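Down below is the structure, laid out as structure tokens.
Source: prediction; values computed, not measured. Quick note on labels: first sequence line is chain A, next is B, and so on, each numbered from 1. What you see below is based on every heavy atom in this structure, not just the backbone, and it leaves out hydrogens, waters and symmetry mates.
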Number of protein chains: 2
Amino acid sequence: MKNYGQYCPIAHALGIVGERWSLLLVRELLDGPKRYTDLVTGLPKIGTNNLAARLKDLEAAGVVEKRRLPPPAASTVYELSPYGQDLRPVIHELARWGARSLGPPPLHALEPGWLMHALDLALSPLARSGRFAFRIGDEEASLVDGRPVAGVVEDADVLVETDAVGFYHLVADRQLEGVRVDGDVALLESVLAAFGPTLLPA
Amino acid sequence: MKNYGQYCPIAHALGIVGERWSLLLVRELLDGPKRYTDLVTGLPKIGTNNLAARLKDLEAAGVVEKRRLPPPAASTVYELSPYGQDLRPVIHELARWGARSLGPPPLHALEPGWLMHALDLALSPLARSGRFAFRIGDEEASLVDGRPVAGVVEDADVLVETDAVGFYHLVADRQLEGVRVDGDVALLESVLAAFGPTLLPA
DNA sequence: CTGGATCCCTCACGATACTG
DNA sequence: CAGTATCGTGAGGGATCCAG
């Protein structure tokens with residue numbers, strides 16, 4: 001992509017990761033190294049030529065590194081360089097901004113692992129202490145002292161059970177309809193109360 | 001722009017501001033309302049048709065608002081909605097990330113007001129207290145208790161005078177060559193010492 | 001099966017000219 | 001000043017094909 005013709009850190013950053021698909025590619029790699037095929041399945045609508053081009057660009061920019069796994073797992077994986085890892089705060093802010101106008105989820109076709117990402121995004125800054133467990137649809141994850149972990153943790157302070165739409169309204173509107181809460185309800189509500197308005201005021 | 005086909009706050013956010021020029025447009029408007037022509041001069045390489053299209057998209061998405069100024073200043077200005085203002089943390093993080101691989105500035109063709117933006121970006125999180133004044137090339141700005149203000153403030157704790165390249169090396173490498181510092185040098189150095197490594201390790 | 005490269009088609013972008 | 005009209009180019013999307 002051509003440059004923006006300005007000496008500006010924002011324009012420069014966008015020259016590196018501003019192309020279509022680039023930041024979504026980084027999002028995929030934030031969960032760890034992935035193979036080419038994993039990236040294709042994680043980004044179904046990207047053309048393979050485009051994926052190869054984006055990977056090449058990001059590699060040339062020092063954001064992504066290509067590594068051959070040693071035998072017997074002889075395959076190549078792509079992973080973020082340390083500089084690429086530093087995009088995490090950028091993507092985190094972008095996600096929090098986007099979430100405010102995203103609307104409720106479809107009940108189908110959510111990506112595996114979405115709950116851990118959602119907890120990390122929406123609640124981890126708010127629930128720095130306590131043990132929260134979530135069983136949402138067919139996903140399970142917990143928040144232990146602000147860190148998301150997989151599965152329902154033992155002796156949680158509070159356990160939340162609902163589906164994806166119920167979870168959305170829980171964090172977005174603080175509506176508890178259709179949500180089953182076991183344990184310290186007040187603790188959960190105090191965390192949610194720290195949430196500002198999340199929906200687009202318009 | 002077509003969607004990314006995923007229920008994901010990042011993909012959704014990129015669907016709104018992910019197109020070429022969109023975030024730079026928001027950057028321009030973060031300084032306050034601007035007229036169409038001001039935007040053209042601030043983004044010299046954008047085509048006017050493209051600018052019109054991006055403005056229309058951002059307005060439809062609730063990020064930008066178009067307002068007619070009352071007579072006698074009968075002109076239309078564009079400004080960020082509250083939701084658009086909330087992009088400031090995103091752009092801030094992006095700028096800090098991009099600055100790490102940006103390299104030293106050209107001595108010419110820096111945009112007016114760059115110094116205030118640079119102070120805001122690089123030093124305002126670090127210098128929450130104290131009065132720092134800067135005279136860099138033909139730009140003047142100060143940092144008062146962490147807030148950037150225009151001009152050289154009276155009775156500053158420290159006054160820094162150099163050119164843009166000297167300023168860059170001051171914040172990037174903490175090199176003081178070619179930099180004239182009046183006042184509390186130790187205070188300035190303590191702020192700079194709080195800066196981590198800023199350049200791409202590669 | 002993984003890891004791409006190639007082709008084609010469409011549309012978005014960039015430059016410029018033009019208008020209310 | 002604030003855009004719209006037009007047009008050429010090139011990047012992105014989709015499908016297919018090929019090599020290890």
I need the [atom1]-[atom2] distance between [X] and [N], as an integer number of Å.
{"X": "B:L51", "N": "D:dC1", "atom1": "CG", "atom2": "P", "answer": "14 Å"}
{"X": "B:K66", "N": "D:dC1", "atom1": "NZ", "atom2": "C1'", "answer": "12 Å"}
{"X": "A:E19", "N": "D:dG10", "atom1": "CD", "atom2": "P", "answer": "15 Å"}
{"X": "B:N50", "N": "D:dC7", "atom1": "CG", "atom2": "P", "answer": "18 Å"}
{"X": "A:L43", "N": "D:dG13", "atom1": "CG", "atom2": "P", "answer": "10 Å"}
{"X": "B:D38", "N": "D:dC1", "atom1": "CG", "atom2": "P", "answer": "8 Å"}
{"X": "A:R35", "N": "C:dC1", "atom1": "CZ", "atom2": "P", "answer": "12 Å"}
{"X": "A:R54", "N": "D:dG13", "atom1": "CZ", "atom2": "C1'", "answer": "12 Å"}

[Y] backbone acceptor or donor facing [X] side chain under 3.5 Å:
{"X": "A:S124", "Y": "A:R147", "value": "no"}
{"X": "A:H169", "Y": "A:Q175", "value": "no"}
{"X": "A:S81", "Y": "A:V63", "value": "yes"}
{"X": "A:D163", "Y": "A:G137", "value": "no"}
{"X": "A:R96", "Y": "B:V90", "value": "no"}

Checklist entry - Counting side-chain heavy atoms from C-beta on, which of C:dC13, D:dC1, D:dG12 comes nearest to A:R20? => result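 Of the candidates, D:dG12 comes closest.
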Next on the checklist: Quick check for you: among D:dA2, C:dG3, D:dG12, whose closest atom lies nearest to any side-chain atom of A:T76?
Outcome noted: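 Of D:dA2, C:dG3, D:dG12, C:dG3 is nearest to the side chain of A:T76.
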Within less than 4.0 Å of OP1 or OP2 of [N], is there a side-chain N or O belonging to [X]?
{"X": "A:Y36", "N": "D:dG20", "answer": "no"}
{"X": "B:S75", "N": "D:dC1", "answer": "no"}
{"X": "A:K56", "N": "C:dG3", "answer": "no"}

Next on the checklist: Tell me whether the rings of B:W97 and A:Y83 are parallel (<30°), tilted (30 to 60°) or perpendicular (>60°).
Outcome noted: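 Ring orientation of B:W97 relative to A:Y83: parallel.
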Item to check | Protein proximity profile, nucleotides 15-20 of chain C - base contact B, sugar-phosphate-only contact S, no contact -, cut-off 4.0 Å on heavy atoms | outcome: BBB---
Next on the checklist: Just so I know, are the side chains of A:L123 and A:L192 near enough to count as touching, which here means a heavy-atom distance under 4.5 Å?
Outcome noted: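 Yes, their side chains come closer than 4.5 Å.
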Checklist entry - Hey, are the side chains of B:F134 and B:L119 touching, using non-hydrogen atoms and a 4.5 Å cut-off? => result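 Of all side-chain heavy-atom pairs linking B:L119 with B:F134, at least one is under 4.5 Å.
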Checklist entry - Residues from residues 21-33 of chain A sitting under 4.0 Å of DNA chain C, heavy atoms only? => result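 Output list: empty, so none.
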Next on the checklist: side chain to side chain contact (heavy atoms under 4.5 Å, CB included), that's the test. Do A:H117 and A:R27 meet it? Break it down for me.
Outcome noted: CA-CA 11 Å; A:H117 290 124; A:R27 176 202 69 182; over 6 Å; no
